[in-house]
Chemist: 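Sharing a structure here in structure tokens format.
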Amino acid sequence: QVHLVESGGGLVQAGDSLRLSCVASGRTFSSYGIGWFRQAPGQEREFVAGRGWSQNAAYYADAVKGRFTISRDNAKNTAYLQMNSLKSEDTAVYYCAAKIGLGVGTTVGSYHYWGQGTQVTVSS
């Protein structure tokens with residue numbers, strides 16, 4: 001079992017940056033793949049970024065490629081999502097997720113554990 005807690009959301013202006021954090025507790029964090037998803041009002045939850053248990057492989061949704069960076073610090077049991085050049089369309093609740101097994105998941109169904117989410121609001 002893995003318990004995930006996100007933080008770092010808030011209200012910012014377009015063009016600003018935010019860094020989301022996801023602290024994990026429970027089983028060995030380093031053995032899980034991690035992902036960030038987001039869900040805007042009335043929309044389905046969508047993949048934003050994912051990284052496998054290795055530091056090498058990371059994948060991004062086209063909408064955030066070049067602006068967002070996913071990283072992890074296994075020693076701190078923490079994952080991060082650095083978000084730069086934020087746009088109003090990035091407004092959503094952002095969720096951290098963890099998956100069992102190798103590889104990077106890009107679908108909701110790939111992940112086994114979820115945090116409670118943190119709100120990001122970007123004003124234009």
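Everything quoted here is computed from the prediction, not taken from an experiment.
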Chemist: Where is the tightest heavy-atom contact between Ala24 and Leu4, given as atom of each residue plus distance?
Modeler: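 Closest approach of Ala24 to Leu4: CB-CD2, 3.6 Å.
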Chemist: Can you get from Ile34 to Tyr111 by hopping between Ile, Leu, Val, Met, Phe, Trp and Tyr side chains that sit under 4.5 Å apart?
Modeler: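 Ile34 and Tyr111: separate clusters.
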Chemist: Has Glu6 got a side-chain atom pairing as donor or acceptor with Gly117's backbone, closer than 3.5 angstrom?
Modeler: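 Checking the backbone N and O of Gly117 against the side chain of Glu6, a donor-acceptor pair under 3.5 Å is found.
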Chemist: Would you find a donor on one side and an acceptor on the other, under 3.5 Å apart, between the side chain of Tyr80 and the backbone of Arg19?
Modeler: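 Looks like no, no N/O pair under 3.5 Å.
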Chemist: Same hydrophobic cluster for Ile70 and Leu86, using side-chain heavy-atom links shorter than 4.5 Å among ILVMFWY?
Modeler: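 Yes, it is one cluster - the side chains of Ile70 and Leu86 are joined through contacts under 4.5 Å.
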Chemist: When you look at Asn84 and Phe68, which way does the side-chain contact (heavy atoms from CB on, under 4.5 Å) test go after all the steps?
Modeler: CA-CA 6 Å; Asn84 298 329; Phe68 290 11; 6.0 Å; no
Chemist: Between Val48 and Val122, is there a shared hydrophobic cluster once you connect ILVMFWY residues whose side-chain heavy atoms come closer than 4.5 Å?
Modeler: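 Linked within one cluster.
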Chemist: Return yes if some donor-acceptor pair links the side-chain N/O of Thr121 with the main-chain N/O of Thr91 below 3.5 Å, else return no.
Modeler: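 Absent.
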Chemist: Does OH in Tyr113 sit with more than 12 non-hydrogen atoms of other residues, nucleotides or ligands closer than 6.0 Å?
Modeler: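 Buried by this count: over 12 neighbours within 6.0 Å.
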Chemist: Show every salt bridge (charged side-chain N to carboxylate O under 4.0 Å, His left out) that has at least one partner inside residues 32-44, sequence neighbours left out.
Modeler: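 For residues 32-44: Arg38-Glu46, Arg38-Asp90.
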Chemist: Checking ring-ring contact (aromatic ring centres under 6.0 Å, His included) between Phe37 and each of Trp114, Tyr95, Tyr94, which is the one that passes?
Modeler: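 The passing option is Trp114.
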Chemist: Are Val93 and Val120 connected in the hydrophobic side-chain network, where two residues link if heavy atoms are under 4.5 Å apart?
Modeler: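 No, Val93 and Val120 fall in different hydrophobic clusters.
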